[in-house]
Amino acid sequence: MTLGPLHRPPSPGRTPRRRAVSALAAAAVVLGLSGCSLLAPENRAESPGAGVETADPAAIGGIDEELRGFYTQEVQWETCEGSFSCAMVEVPLDYSDPDRSSVEIAAIRSDATGEAQGTILVNPGGPGGSGVNIVKDSLDYVASDRLREDYDILGFDPRGVNRSSAVKCYTDAETDAARQEDYPSDATDDELLALMEADAKEYADLCAQRTGELLGFVDTESAARDMDILRAVVSDEKLNFLGFSYGTQLGATYADLFPQRVGRLVLDGAIDPSLSSEDVTLGQAGGFEKALRAYVADCQQGAECPYPGTVDDGVRQIQDLFAAVERNPMKAKDGRLVPIFTFVQGFILPLYDNGNWPTLTQAVSEALDGDVSSMLYLSDLSADRQPDGTYATNSSAAFLAVNCLDYPMTSDPDQMRADERELVAASPTFGRFLAYGGLTCAPWKYPPVLEPAPVRAEGAAPIVVIGTTGDPATPYEWSTALADQLESGVHVTWQGEGHTAYGRSNDCILDLVDSYFTDGTVPEEGARC
């Protein structure tokens, strides 16, 4: 049976190909605002679309003199992807030493259909998600007709990602091989740990060799500083930003660095920046277990659900299926082996959007009948694998590289085993597949440069933070935490299932966000949709 179309979320979470990188994958999370008036249209650079543009002088006030060349650069916009404009923007490799070297940021712009009052930058999450792809392929998802009339919409690939100066680790063939790797089922804990450590070191060494010094400069703070250069080169005095999941961390970081330059920021599917990597993973474990139970309960309302009995019965059947796949991995119709981590990766993807639950039911039903091809298809979608065996993006490599710089992680075996027990308690179904993530960054050539900490963004204009009550990847309580931390945070709730709200929820969220961007109408604190 052929799977129907999948409503892909802006930043699908990634359960890794192996336990050594799974906690990082569990931390995959994707989605600003201002009472200040935006730069008037007549003060913006003219001739949107193809052509050379330089920043309006009003957009570069107060910058560090050593960065002036980056803020005042001429940007060549060229027609691309049909009706879009594309450009490469130069930014410093190292903001502490701007003269050292530079990297390129790929950007794509959809020009406003009406009289533009500014530009909205969008980030789909990850880390590692491609803003270029989300704009060119799913513009309707991230911007309504109303937004596209009043704003240019600009997607960009953050440093390290895809079309920008990119992290390089595995080749396509090596990625395929890694996703089919199956650890011996009879290995002892110590033997398994040694195998995972060896895999992690091999991967880290390849990333360092193939990426070079860029690997040490793909942290979130550097990416947020890049956004300020993007703001300037499109001649906006204030940054307008719509960030999903990890994009909320990017936006919050920007606001903390440049509070006076905050325009209208909307952060949807929020991350709590004060949490450690281990706490993020634990929160997601509980979130996905909750989403699993909601999915099973929904399935059992239908006539052809493969999970008879109670919700507890259905969850146990899924756990039994995972155990069977772990004992005896099956091959898909194309001959590829589907070990347990690849299987779980495919299973998790549809949990991001309750519109995809019927697709998950179909894939599970086929797996119960001995055919894992549909589950592999879902895993391929999560990994950005194309039917021809190529990988469309470097999202998995970039995801790991950013997290290894953003989060200190424990790699002490005893502590990781204790963390595993806590994860299993929070999620009997997924917990142990999310453990031991600290192994991945332990051999990384570049140590972490950031520490988890609350953000305040003192003096910033209002920042809208959206939380979804049934969000598995960025649990609802993270959104309330971020809104509370931000001095000007305004919290909005969508009572629904799945990851993020704007573009997939209801007219209430759509109207609140659109009115904020287009009219400057700040939602009421605590608004619920």
Side-chain angles (χ1 to χ4, degrees), residues 1-9 12-19 22 25-26 179-186 285 287-383 385 387 424 427-434 472 497-498:
M1 184 182 296
T2 302
L3 280 175
L6 191 75
H7 308 288
R8 188 169 182 176
R14 295 174 179 86
T15 303
R17 55 183 179 79
R18 57 187 81 186
R19 186 176 297 190
S22 55
R179 293 178 60 226
Q180 295 179 74
E181 183 176 358
D182 182 40
Y183 290 125
S185 59
D186 59 350
F288 279 108
E289 193 73 21
K290 179 181 175 183
L292 174 68
R293 296 184 66 84
Y295 154 68
V296 170
D298 179 79
C299 177
Q300 290 176 337
Q301 301 303 309
E304 299 183 2
C305 182
Y307 319 120
T310 66
V311 171
D312 286 341
D313 292 334
V315 170
R316 278 193 294 269
Q317 291 168 59
I318 291 168
Q319 293 168 356
D320 289 344
L321 175 61
F322 284 7
V325 172
E326 187 167 16
R327 288 192 303 269
N328 297 296
M330 294 176 277
K331 286 187 177 182
K333 290 178 180 177
D334 67 0
R336 283 184 290 155
L337 187 70
V338 184
I340 184 57
F341 290 105
T342 300
F343 190 93
V344 171
Q345 180 186 46
F347 189 99
I348 281 179
L349 179 65
L351 293 180
Y352 277 79
D353 187 334
N354 54 312
N356 293 325
W357 287 356
T359 302
L360 176 57
T361 298
Q362 181 180 328
V364 170
S365 296
E366 293 173 8
L368 290 169
D369 289 337
D371 182 3
V372 293
S373 301
S374 290
M375 200 64 77
L376 179 59
Y377 165 77
L378 294 174
S379 180
D380 285 345
L381 281 180
S382 181
R385 187 186 190 273
V424 170
S427 175
T429 307
F430 303 112
R432 69 190 189 86
F433 302 113
L434 306 178
E497 298 291 338

Option passing ring-ring contact (aromatic ring centres under 6.0 Å, His included) with Phe341 (candidates Phe433, Phe322, Tyr183): Phe433
side-chain contact (heavy atoms from CB on, under 4.5 Å) evaluation trace for Val338 with Val325: CA-CA 8 Å; Val338 184; Val325 172; 5.6 Å; no
Parallel, tilted or perpendicular: ring planes of Phe430 versus Phe347, cut at 30 and 60 degrees: tilted
To the nearest 0.5 Å, how far apart are [atom1] in [X] and [atom2] in [Y]?
X: Ile348; Y: Leu378; atom1: CD1; atom2: CG; value: 12.0 Å
X: Gln362; Y: Ser374; atom1: CD; atom2: OG; value: 5.5 Å
X: Met375; Y: Leu360; atom1: CE; atom2: CG; value: 5.5 Å
X: Met330; Y: Leu337; atom1: CE; atom2: CG; value: 10.0 Å

Shortest non-hydrogen contact between [X] and [Y], atoms and distance:
X: Gly355; Y: Pro358; result: O-CD, 3.6 Å
X: Val311; Y: Ala297; result: CG2-CB, 3.8 Å
X: Trp357; Y: Ala291; result: CZ2-O, 4.3 Å
X: Leu349; Y: Ser382; result: CD2-N, 3.9 Å
X: Ile318; Y: Val296; result: CD1-CG2, 3.8 Å

Glu366 (side chain) donor-acceptor with Asp371 (main chain) under 3.5 angstrom: no
Any donor-acceptor N/O pair, Gln300 side chain to Thr310 backbone, under 3.5 Å: yes
Tyr307 and Thr361 side chains, donor-acceptor separation under 3.5 Å: no
Test item: [X] and [Y] side chains (from C-beta on) under 4.5 Å apart, heavy atoms:
X: Pro306; Y: Cys299; answer: yes
X: Gln317; Y: Pro308; answer: yes
X: Leu376; Y: Lys333; answer: no

Check against side-chain contact (heavy atoms from CB on, under 4.5 Å), Asp380 and Arg336: CA-CA 11 Å; Asp380 285 345; Arg336 283 184 290 155; 2.7 Å; yes
Contacts of Glu289 that satisfy side chain to side chain donor-acceptor pair (under 3.5 Å) - sequence neighbours left out: Ser427, Thr429
Pairs meeting criterion salt bridge (charged side-chain N to carboxylate O under 4.0 Å, His left out) with involvement of residues 297-315, two or more places apart: Arg293-Asp312, Asp313-Arg316
